[in-house]
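Single-structure report; data block below.
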Amino acid sequence: MHISDTLWIHRQRASFSTLLLLSIMAPSGDSDTKDKIQSSTALASSIETASKSSRSSTHEKEKESPEAIRQRILDQEAEFRASQKPTTNLASFWSWKKSESRRPEDIATQPSIFDNPELAPYFQPTERYENRHRFDPSFKWTWAEEIPLIRKIDWKVTAWSCVAFFALDLDRSNISQANTDNFLDDLGLDTNDYNLGQTVFRISFLLAELPSQLISKKIGPDRWIPAQMVLWSIVSAAQFWLKGRSSFLATRALIGLLQGGFIPDVILYMSYFFKGTELPFRLALFWMANRLTDVISPLLAYGLLRLRGYHGYEGWRWLFLLEGILTLVIGIWSYFQMVPSPTQTKAPWRKKGWFTEHEEKIMVNRILRDDPSKSDMHNRQAITFKLLWESLCDFDLWPIYLIGLTFSMPAGPPDQYLTLTLRQLGFDTFDSNLLSIPCQITCTISMLLITYLSEKLNQRAFMGVVMQVWLLPCVVALYLLPADASRWAAYAVVTVLLSYPSTHAMQVGWCSRNSNTVRTRTVSAALYNMAVQTNSIISSNIYRRDDRPEYRRGNRALIGIASMNIVNYLLVKAYYVWRNKKRDETWDRMSQEERRNYLATTTDKGSKRLDFRFAH
């Protein structure tokens, strides 16, 4: 064996990410860093195989330069990673979809730092971690065991999350269907009152985000989320008795306060069960429920609004009451459906639990091999003020919060005013509800597609640019649309605009991935969603009464925002590339002994670690 190969293999065995000949041990950029670190041990065997084959061509090997050897090693690593990476996040949903490179009997255990005896002690779960008793770094399992288990988790967790989001969105957005039944006129309100109500709702929602997330982390999402659902359902049903402007604003505020924090709470709950590469697509399904609610809600309204006059009450009153009762049932069901963690699924009404001991070991070890930071805290461990402050000051996540402030704003006002716009175009109550469905279906499909592509291509900022490139010509067309244009032409423009590929689910996963600790992940999910709610607050005030019915001034503002968003995404991309490059430079200057000492003694946490690279 060539001496340079021997030396490299020795270092590969001694450390977890040696990728260069002699002294280069640089973690790769972007979100593949963790995967590359975790693959180092398994990669050593492939390097040895390649080295053995090299002995048959010693003469050529003597002429091979260190740079050529380095490139060959990197190529072999790339081949190894390609053979290990799942084909898509959709794999667990399609039992007939089989990967050509993955046989059922193959080992599915992901290479990890736990395979390295020198590094494993620094990443052991804390004593308080609720799943510690199922952690076993030597435990192995096959794809025949993992794939059915993932499918089982999807039915238990992902399916529940979609139903729960349906309940949230039904109660917060059914006011849109109420508008088609003369809701504003019946209460003596105008468009500005409606805007104020939506603003009050979103401010309340925003203010409740972080406190709700902290409560959830203290008592557990399995307790707090059902409580939220039951409480907001009662308030939503109580809108049956609305009397005027004051009661309208009060119920909007209460629903916002009770629903605030629900989304980051569910994201935290789902992160207990899924790996980082699996979560974005599950979040896309989660937000797909939001879009499907916008399909189902008009269909429900089509029937419920026909109750106008029943017992002397307007149709929109029956809409609020009956849909509130429906979501109340979902909230009560959630009490019995949710569990504290993968290893705590037994209950008096579920004596055998969801999983066997063997399945629990697979779940715990696959999650920790993917992200050891998930064992840093207990699932009912409160976040202290110090930890909260550290998370708030994590400036490397601010660029994603900045994106959340404006990314969906070009579509916000047209979406919010869709049913009112359809009524102004001359469609009746029932046609307006039905015509709002097609764009919700196409938006759902495009959102799933762009989320899948973001993981497949390992690109996030560029996917955000794609979304804005879709929106920009649509808002320009809306701005230029003549006042005397056919109502079907106006409907077509709005439908294409609202079919945009939303990057919301992708960005939640992006934020979670760049957090890299449970503590930061808990807070960052809330802060990102607060930014999105601020986005909605601004959006709800862009279309004003003195600008109707074409809203020329508002659409001109949307053109500027869409253009600005393209620049924002590119700047965020550049920022994370720059941050990764600076860390590469620092890491490269360190000797291997300095790197080992850093890993053993560092107080850096989460994304502050020098061996962490940001996804972009």
Side-chain angles (χ1 to χ4, degrees), residues 86-97 108 131 145-170 216 220-222 224-226 228-229 262-296 327 330-331 333-345 350 353-355 359-360 362-364 366-367 370-371 374 379 444-445 447-452 454-456 502 504-513 521 525 529:
T87 52
T88 75
N89 279 332
L90 292 159
S92 67
F93 287 86
W94 308 103
S95 57
W96 52 267
K97 181 72 174 178
N131 301 315
E145 296 171 305
E146 178 167 312
I147 295 300
L149 178 58
I150 296 174
R151 189 180 301 114
K152 187 175 182 179
I153 299 171
D154 280 321
W155 279 112
K156 300 292 187 182
V157 178
T158 308
W160 165 83
S161 71
C162 293
V163 175
F165 202 166
F166 166 80
L168 174 128
D169 203 49
L170 190 66
S216 180
D222 57 300
W224 178 238
I225 291 175
Q228 287 179 285
M229 298 176 70
F262 169 85
I263 294 174
D265 291 343
V266 174
I267 294 169
L268 176 65
Y269 179 68
M270 294 178 72
S271 71
Y272 294 159
F273 297 88
F274 293 107
K275 293 161 58 173
T277 54
E278 296 166 343
L279 189 58
F281 184 75
R282 271 70 188 182
L283 293 177
L285 293 175
F286 180 58
W287 265 283
M288 181 185 73
N290 179 17
R291 290 297 173 180
L292 289 180
T293 305
D294 294 335
V295 174
I296 297 171
T327 57
I330 295 174
W333 168 66
S334 296
Y335 270 113
F336 300 96
Q337 178 63 20
M338 297 185 70
V339 296
S341 77
T343 62
Q344 298 171 310
T345 62
R350 193 171 46 241
W354 286 348
F355 309 107
E359 289 174 329
E360 289 178 355
I362 293 176
M363 282 192 296
V364 171
R366 69 189 294 272
I367 290 297
D370 177 69
D371 186 354
K374 289 186 177 180
N379 63 353
T444 300
I445 295 171
M447 178 185 66
L448 291 174
L449 179 60
I450 201 167
T451 305
Y452 162 70
S454 70
E455 287 297 311
K456 188 71 173 177
S502 174
H504 190 26
M506 177 201 77
Q507 287 163 191
V508 173
W510 187 7
C511 190
S512 176
R513 184 169 298 182
R521 192 174 290 117
N529 212 49

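Only this structure's heavy atoms are used, side chains among them; waters, hydrogens and symmetry mates stay out. Please read all numbers here as calculations on a predicted model, not as lab measurements.
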Between [X] and [Y], what is the shortest heavy-atom contact and its length?
X	Y	answer
Phe262	Ile225	CE1-CG2, 3.6 Å
Pro342	Thr345	O-CG2, 3.7 Å
Met338	Asp222	CE-CA, 3.7 Å
Met229	Gly331	CB-CA, 3.8 Å

Heavy-atom side-chain proximity of [X] to [Y] below 4.5 angstrom:
X	Y	answer
Tyr272	Val157	no
Val266	Met270	yes
Val339	Trp354	yes
Phe273	Ile367	no
Val163	Trp333	yes

Mind checking what makes side chain to side chain donor-acceptor pair (under 3.5 Å) contact with [X], not counting sequence neighbours?
X	answer
Thr293	none
Gln337	none
Trp160	Ser334

Is a side-chain N or O of Tyr269 found less than 3.5 angstrom from the main chain of Ser161, in a donor-acceptor match?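 No.
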I'd like to know if the side chain of Lys152 reaches the main chain of Ile147, judged simply by a donor and an acceptor atom lying under 3.5 Å from each other, with no hydrogens or angles considered.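 Between the backbone of Ile147 and the side chain of Lys152 there is no qualifying donor-acceptor contact (under 3.5 Å).
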Residues two or more places apart in sequence or in another chain: which of them pass side-chain contact (heavy atoms from CB on, under 4.5 Å) with Leu149?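 Leu149 satisfies side-chain contact (heavy atoms from CB on, under 4.5 Å) with Ile153, Phe355, Glu359, Ile362, Met363 once adjacent residues are dropped.
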Output all residues satisfying side-chain contact (heavy atoms from CB on, under 4.5 Å) with Ser216, sequence neighbours left out; order by chain, then residue number.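 Residues passing side-chain contact (heavy atoms from CB on, under 4.5 Å) with Ser216: Pro221, Trp224, Asp265.
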Given side-chain contact (heavy atoms from CB on, under 4.5 Å), test Phe286 with Val508 step by step and report yes or no. CA-CA 11 Å; Phe286 180 58; Val508 173; over 6 Å; no
Using a strict cut-off of less than 4.0 Å between a Lys/Arg side-chain nitrogen and an Asp/Glu carboxylate oxygen, indicate whether Asp154 and Arg282 qualify as a salt bridge.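 Salt bridge: yes.
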Strictly below 4.0 Å, N to O, side chains only: are Glu278 and Arg366 in salt-bridge contact?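 Result for this pair is yes, salt bridge flagged.
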At what distance, to the nearest 0.5 angstrom, does [atom1] of [X] lie from [atom2] of [Y]?
X	Y	atom1	atom2	answer
Leu285	Leu448	CG	CG	6.0 Å
Glu455	Ile450	CD	CD1	12.5 Å
Phe281	Thr158	CZ	OG1	9.5 Å
Asp169	Thr327	CG	OG1	11.5 Å

Output all residues satisfying ring-ring contact (aromatic ring centres under 6.0 Å, His included) with Tyr335, sequence neighbours left out; order by chain, then residue number.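 With neighbours one apart ignored, the set is empty.
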